[in-house]
Amino acid sequence: MAAMKPRTGDGPLEVTKEGRGLVMRVPLEGGGRLVVELNADEAKSLEQALSQVTS
């Protein structure tokens, strides 16, 4: 029987390169993580969109 691990959203935002894509793991308030796979063009678009709202 597998050990049950608590699902928490604690921890940093993580981005790793896997194969040709980038995998972003975003901790969520209710627990768990949102996992999104992006290619390089999508990552650049996300960077531009975020810079517009944080400037």
Residue pair P12 / R33: nearest heavy atoms and the distance that separates them = O-NH1, 3.3 Å

Which residues pass the side-chain hydrogen bond (donor to acceptor under 3.5 Å, both in side chains) test with T16, sequence neighbours left out?
-> E18, R25

Can you measure from CG (L46) to CG (L22) and round to the nearest 0.5 angstrom?
-> 10.5 Å

With the 4.5 Å side-chain cut-off for hydrophobic clustering, are V15 and V23 part of the same group?
-> no

How would you list, by chain and number, every residue that makes a side-chain contact (heavy atoms from CB on, under 4.5 Å) with E42, sequence neighbours excluded?
-> L38, N39

Measure across L50 and T54 and return the closest heavy-atom pair with its distance rounded to 0.1 Å.
-> O-OG1, 2.9 Å

Please tell me if the side chains of M24 and L13 come closer than 4.5 Å, counting only heavy atoms from C-beta onward.
-> yes

